[in-house]
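So you know, we letter chains A, B, ... as the sequences are listed, proteins then strands, and number each from 1.
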There are 2 protein chains.
Amino acid sequence: MRNEIVAYLSKYTSISDELIDVITKTTIINSFKKGTLLLKEGDIPNESYFILKGCIRSYIVKEGEEKTIDFYTEEQAASPLNFGKNSPSEHYLECIEDTTVSINTPGHEQEMFRKYPQFESVCRIMSEVMLVNYRESLANYKTTTPEDRYLSLLKNRPDLVRRVPLYQLSSYIGVKPESLSRIRKRISKK
Amino acid sequence: MRNEIVAYLSKYTSISDELIDVITKTTIINSFKKGTLLLKEGDIPNESYFILKGCIRSYIVKEGEEKTIDFYTEEQAASPLNFGKNSPSEHYLECIEDTTVSINTPGHEQEMFRKYPQFESVCRIMSEVMLVNYRESLANYKTTTPEDRYLSLLKNRPDLVRRVPLYQLSSYIGVKPESLSRIRKRISKK
DNA sequence: GATGGTTCTTAACCAAAGTCAAGAATCATC
DNA sequence: GATGATTCTTGACTTTGGTTAAGAACCATC
């Protein structure tokens, strides 16, 4: 189980045996039931999660409605936006399936940076990769229609379409549930 | 001029005098005329830019239309999405005003990481800050209407609304120029 | 201040998403 | 397999944005 984290980090840069050893030994693994809220609006976040199994949804509540920001699945990091910032969260993190994660805290991270400079390098690279991913997501979202986005979900994350209820998917692609229903109908006619 | 970069980096973490000195001495400053394309679709990007003065627009061309992804102004970094990746760019970087920037290359960055470990720490922190900013932008874009976005532009970046032509602004907030025109009209009636 | 070019606004019409409301399908649980 | 709750679909109507096309406003330059 723990080796999955090392495998994930190794994708981006080579890691010394010593660091692999430390990461393996200090990693905290935890499992949560479907429906568990790992973070609520107003909470001060002090944990970030690396998903080993399951699915976490990030959403905000605006005008009484849940708006899904993102879904995180196996091999992805679900980190509160203001992780380590000591300010209250504006969003929620919910396990939408039974989920197993490794947990990271700001304190643990700082200690690792201090003791193992290579860990800082690993995190810089990861952070840069994630930065590019988010910039691409934003560019992509801005240049597509809801229908485009649903079709690309079907293509690139078909598991999500099966795993996630429509009302959560619809806000993820930027429409109301009724509209996603109509988009589905339109597509099936083509 | 060069001190602005050090001042910018110092906002996020304290920097040793030695590193300040090196950054100041090795920084390449360059100025470009309004209209200059710093990066074109298909180019292999090998420079990233930190804006000292002016404005750079990032856009892609899709179905014959320019879609503005982002505007970068003073104190912001305009970095190609695949900077240092050796793959062709999908987007353009255009100076939409006379612009002065400091230029960074992958080679220079690698050398700095090697020689000055603290530089890696500085870059990790900056990268994390930018990551949070992009995640917030994406979350924000997903949960607002074009009208919301125009109002928030007026509030948060009024300079842009003055500096940038409507057809570039409109694709930035996700509509056609005609629609932004209508949005303006709607707003003025309220 | 006339000329031409770019940028912006307006109008008429069409397509897509929002709203409201009803009802069908699905699922869990007893 | 009946019950109730949740989730999904459909329909009628409204609002908003896209499309096409025309012309107004603004600018630069001669």
Review point. Rounded to whole angstrom units, what separation is found between the CZ atom of A:R162 and the P atom of C:dT26?
Key: 18 Å
Review point. Over how many whole Å does the gap from B:I173 atom CD1 to D:dT16 atom P extend?
Key: 14 Å
Point to revise | Relative orientation of the end axes in the helix from C:dG1-D:dC30 to C:dC30-D:dG1, expressed as an angle to the nearest 10° (five pairs per end) | key: 40°
Review point. Which nucleotides of nucleotides 3-19 of chain C have their base under 4.0 Å from a protein heavy atom (B), which only their sugar-phosphate (S), and which neither (-), written as one string 5' to 3'?
Key: ----SSBBSB----SBB
Point to revise | Heavy-atom protein contacts under 4.0 Å, nucleotides 25-30 of chain D, coded B base, S sugar-phosphate only, - none | key: ------
Mind checking side chain to side chain contact (heavy atoms under 4.5 Å, CB included) for [X] and listing every partner two or more places apart, or none if nothing turns up?
X      : value
A:E178 : A:K176, A:R182
B:S58  : B:I69, B:Y72, B:H91, B:L93
B:D98  : B:K33, B:K34

Check which hydrophobic residues are tied to [X] through side-chain heavy-atom contacts below 4.5 Å, counting indirect links as well, and list them.
X      : value
B:I44  : none
A:Y167 : none
B:L81  : A:V132
A:L37  : A:Y59, A:V61, A:Y92

Practice item. Please identify each residue that fulfils salt bridge (Lys or Arg N to Asp or Glu O under 4.0 Å) with A:K155, with sequence neighbours left out. Key: none
Review point. Once you round to the nearest 0.5 Å, how far does CD1 of A:I5 lie from CG of A:L52?
Key: 5.5 Å
Exercise for review: For A:Y172, check ring-ring contact (aromatic ring centres under 6.0 Å, His included) against everything at least two apart and list the hits.
Suggested key: A:F71
